[in-house]
Enquirer: 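I have a structure I would like to understand better, so I am pasting it below and will then ask my questions one at a time.
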Amino acid sequence: MTLVEGQKVDSTHEERRTQIKNAALKVFALRGLNGTKMSMIAAEAGISQGLTYRYFQSKNVLFSELVQDATEEAYTTFKNMHSFEGTPIDQMRMLTSKILEENHKNYFLILQQANTSPNVPDKAKDLLKHYSAKNTINELVPIFVKGQQMGQFCEGDPYQILYLFFSVITGLMLQDIPSSSMDNSQSVELLMKIIR
């Protein structure tokens, strides 16, 4: 086998892992850890169940890997919020829009599942110790306070307002409304009214 062939094998391996992870993300987000079977993930990915086990030892291993991806995605998104251009209201609008995108929504739902499901694998529990809604909101408080000082956001306890704001977003995500039937930009503008 030449080096080029070896690279092709590695590339195919990673593509298949990604295919399985994308399918698992959808299924876990919809059905939760306990309601998901590897056969469901395989069906969503369009492959045999046996093939999924060649890439992931169990659904718990796959779930834990997705929780890791989700925590990294959430951490990066909220940390980068400070670098979004515009005023605090523009930054919150951009963040809200990003959260409601289909893939981000599924990552968020995976975190919700991991925080509330019984029998969550120990590895996923360890990952969740580093990610919490409180830490996420704490990242946003300075931006929100600045927006309050500029008159862009309503008065009140920034932590409490942000907590309620994200509770509404969580509720929207849990409704499982197909993104095709919802105008994302209109939803974002309605959500902005809550914090104005």
Side-chain angles (χ1 to χ4, degrees), residues 14 17-42 44-45 52-53 55-84 91-92 94-144 157-177 179 188 191 194-195:
E14 282 308 307
R17 279 180 55 80
T18 300
Q19 177 186 3
I20 294 168
K21 284 173 68 173
N22 289 340
L25 182 62
K26 288 180 187 176
V27 177
F28 280 128
L30 180 65
R31 297 174 136 325
L33 176 63
N34 292 332
T36 297
K37 296 181 173 148
M38 285 296 264
S39 60
M40 296 172 180
I41 294 168
E44 178 68 31
T52 59
Y53 286 108
Y55 293 89
F56 296 96
Q57 182 181 345
S58 67
K59 81 170 183 178
N60 284 351
V61 168
L62 182 49
F63 184 80
S64 295
E65 193 165 320
L66 288 171
V67 168
Q68 180 172 352
D69 292 349
T71 55
E72 289 170 3
E73 182 70 27
Y75 179 80
T76 301
T77 298
F78 283 94
K79 272 290 189 199
N80 289 341
M81 168 99 177
H82 299 283
S83 66
F84 291 168
Q91 292 173 317
M92 284 298 292
M94 192 176 282
L95 175 69
T96 304
S97 180
K98 190 168 182 73
I99 289 171
L100 290 176
E101 290 173 1
E102 194 64 33
N103 212 33
H104 289 278
K105 173 185 165 184
N106 287 338
Y107 277 131
F108 186 82
L109 289 173
I110 285 280
L111 291 174
Q112 290 296 104
Q113 297 286 351
N115 275 312
T116 58
S117 297
N119 307 320
V120 172
D122 289 338
K123 183 176 180 185
K125 286 180 187 174
D126 290 341
L127 290 164
L128 290 172
K129 289 177 186 173
H130 304 291
Y131 171 84
S132 72
K134 184 177 180 182
N135 291 343
T136 299
I137 289 174
N138 286 338
E139 285 289 327
L140 301 179
V141 166
I143 292 170
F144 197 85
D157 178 356
Y159 183 82
Q160 186 177 19
I161 294 166
L162 287 167
Y163 181 81
L164 292 171
F165 179 71
F166 285 105
S167 295
V168 171
I169 292 175
T170 301
L172 277 175
M173 291 179 177
L174 293 173
Q175 293 301 314
D176 193 34
I177 300 167
S179 52
V188 169
L191 287 165
I194 293 171
I195 56 177

Enquirer: Test your reading of the model: is there a side-chain donor-acceptor pair from Thr71 to the backbone of Gln68, 3.5 Å cut-off?
Expert: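 Yes, because the side chain of Thr71 sits within donor-acceptor range (under 3.5 Å) of the backbone of Gln68.
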Enquirer: Please identify each residue that fulfils ring pair (Phe, Tyr, Trp, His ring centres under 6.0 Å) with Tyr55, with sequence neighbours left out.
Expert: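 With neighbours one apart ignored, the set is His13.
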Enquirer: Less than 4.5 Å apart, any side-chain heavy atom of Ile169 and any of Leu191?
Expert: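 Result yes, sub-4.5 Å side-chain heavy-atom pair found.
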Enquirer: What heavy-atom pair brings Met38 and Phe56 nearest, and what distance separates the two atoms?
Expert: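 For Met38 versus Phe56, the nearest heavy atoms are CE-O, 4.0 Å.
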Enquirer: How long is the straight-line distance from CG of Leu25 back to OG1 of Thr18, given to the nearest 0.5 Å?
Expert: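 These two atoms lie 12.0 Å from each other.
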Enquirer: With sequence neighbours left out, write down each residue that passes salt bridge (charged side-chain N to carboxylate O under 4.0 Å, His left out) with Glu72, or none if nothing qualifies.
Expert: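 So Glu72 forms no salt bridge (charged side-chain N to carboxylate O under 4.0 Å, His left out) with any residue.
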Enquirer: Nearest 0.5 Å, please: how far is CG in Leu62 from CZ in Arg17?
Expert: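 Those atoms lie 8.5 Å apart.
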Enquirer: Return the set of residues passing salt bridge (charged side-chain N to carboxylate O under 4.0 Å, His left out) with Glu44 (not counting sequence neighbours), or none when no residue passes.
Expert: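 Glu44: salt bridge (charged side-chain N to carboxylate O under 4.0 Å, His left out) contacts with Lys26.
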Enquirer: Nearest 0.5 Å, please: how far is CG in Leu162 from CD1 in Ile137?
Expert: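 Between Ile137 CD1 and Leu162 CG, I get 6.0 Å after rounding to 0.5 Å.
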Enquirer: Quick one: pull up CG in Leu127 and CG in Leu111 and give me the separation to the nearest 0.5 Å.
Expert: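 If I round to the nearest 0.5 Å, the distance is 9.5 Å.
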Enquirer: Enter the distance from Ile195:CD1 to Thr96:OG1 here, rounded to the nearest 0.5 Å.
Expert: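 Those atoms lie 6.0 Å apart.
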Enquirer: Work out which heavy atom in Met92 is nearest to a heavy atom in Phe165; give both atom names and the distance.
Expert: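 That closest heavy-atom pairing would be CE-CE2, 3.7 Å.
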